[in-house]
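Heads up: the structure comes next, in structure tokens.
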Amino acid sequence: MQFHPVLSKTFGGLNSRYYFRQFVFGLIFPVMVYFASTSGNHPFPLKLIPFFIVCTLLYPYARFVYESIVSFIMGDNVFYVNAILMLAVKVIMMSICWSLSPVIAPIGLLYLYFHHSRT
């Protein structure tokens with residue numbers, strides 16, 4: 001199936017393994033919010049479902065932007081830190097990337113479009 005060139009250069013611009021991996025990590029947050037909200041006596045607000053879907057689908061692109069920026073700043077340096085601290089920071093950054101993915105992901109999509117247009 002052939003996609004429009006803009007779609008294939010943007011949404012199809014990430015490696016499929018990378019996209020799938022980040023998509024699975026992105027599913028953690030709506031599942032956590034769903035179970036946290038339904039554990040009490042309150043029903044799950046259905047109006048959040050479109051936001052969850054958009055954030056989850058765009059999360060891999062937002063994560064791509066974040067990892068690209070961190071890679072640029074850090075370079076090839078390696079830091080040895082406490083694993084618990086590192087995982088806590090990683091989860092916090094993942095949640096920020098997921099919740100702000102509608103804002104961050106367009107940057108990654110623009111980059112992917114221009115990157116794949118040059119090649």
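One is the number of the first residue; the rest follow in order along the sequence. Side chains included, hydrogens not; waters and symmetry mates left out as well; all remaining heavy atoms used.
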> When you look at CG of Leu85, are more than 12 heavy atoms from neighbouring residues, nucleotides or ligands closer to it than 6.0 Å?
Replying inline: yes
> Same cluster or not: are Val91 and Ile84 linked, directly or through other Ile, Leu, Val, Met, Phe, Trp or Tyr residues, by side-chain heavy atoms under 4.5 angstrom apart?
Replying inline: no
>> For Asp76, is the CG atom crowded, meaning more than 12 foreign heavy atoms sit under 6.0 Å from it?
In response: no
> Out of curiosity, does Val33 fall in the hydrophobic cluster containing Leu46 (side-chain heavy atoms, cut-off under 4.5 Å, transitive links)?
Replying inline: yes
> Is there a donor-acceptor contact under 3.5 Å from the side chain of Ser99 to the main chain of Ile96?
Replying inline: yes
> Under 4.5 Å between any side-chain heavy atoms of Ser101 and Tyr61, yes or no?
Replying inline: no
>> My understanding is that only residues two or more places apart in sequence, or in another chain, count here; which of them pass side chain to side chain donor-acceptor pair (under 3.5 Å) with Tyr34?
In response: none
> For the hydrophobic clusters of this structure (ILVMFWY residues joined by side-chain heavy atoms under 4.5 Å, transitively), does one cluster hold both Phe35 and Trp98?
Replying inline: yes
> Is the CZ atom of Phe20 crowded by more than 12 outside heavy atoms at less than 6.0 Å?
Replying inline: no
> Can you hop from Val65 to Leu110 via hydrophobic side chains spaced under 4.5 Å?
Replying inline: no
> Can you pull the ring-ring contact (aromatic ring centres under 6.0 Å, His included) pairs that have at least one residue in residues 63-83, sequence neighbours excluded?
Replying inline: Phe64-Tyr111
> Which salt bridge (Lys or Arg N to Asp or Glu O under 4.0 Å) pairs, counting each pair once, include a residue from residues 59-70, with sequence neighbours left out?
Replying inline: Arg63-Glu67
>> To the closest 0.5 Å, what do you measure between CD1 (Ile104) and CD1 (Ile69)?
In response: 8.0 Å
>> Among Phe23, Tyr19, Phe25, which residue satisfies the side-chain contact (heavy atoms from CB on, under 4.5 Å) criterion with Arg21?
In response: Phe25
> Minimum heavy-atom separation for Pro102 to Leu58, with atom names?
Replying inline: CA-CD1, 3.9 Å
> Quick one: do Tyr59 and Met32 end up in the same hydrophobic cluster if we chain Ile, Leu, Val, Met, Phe, Trp and Tyr together by side-chain heavy atoms under 4.5 Å apart?
Replying inline: yes
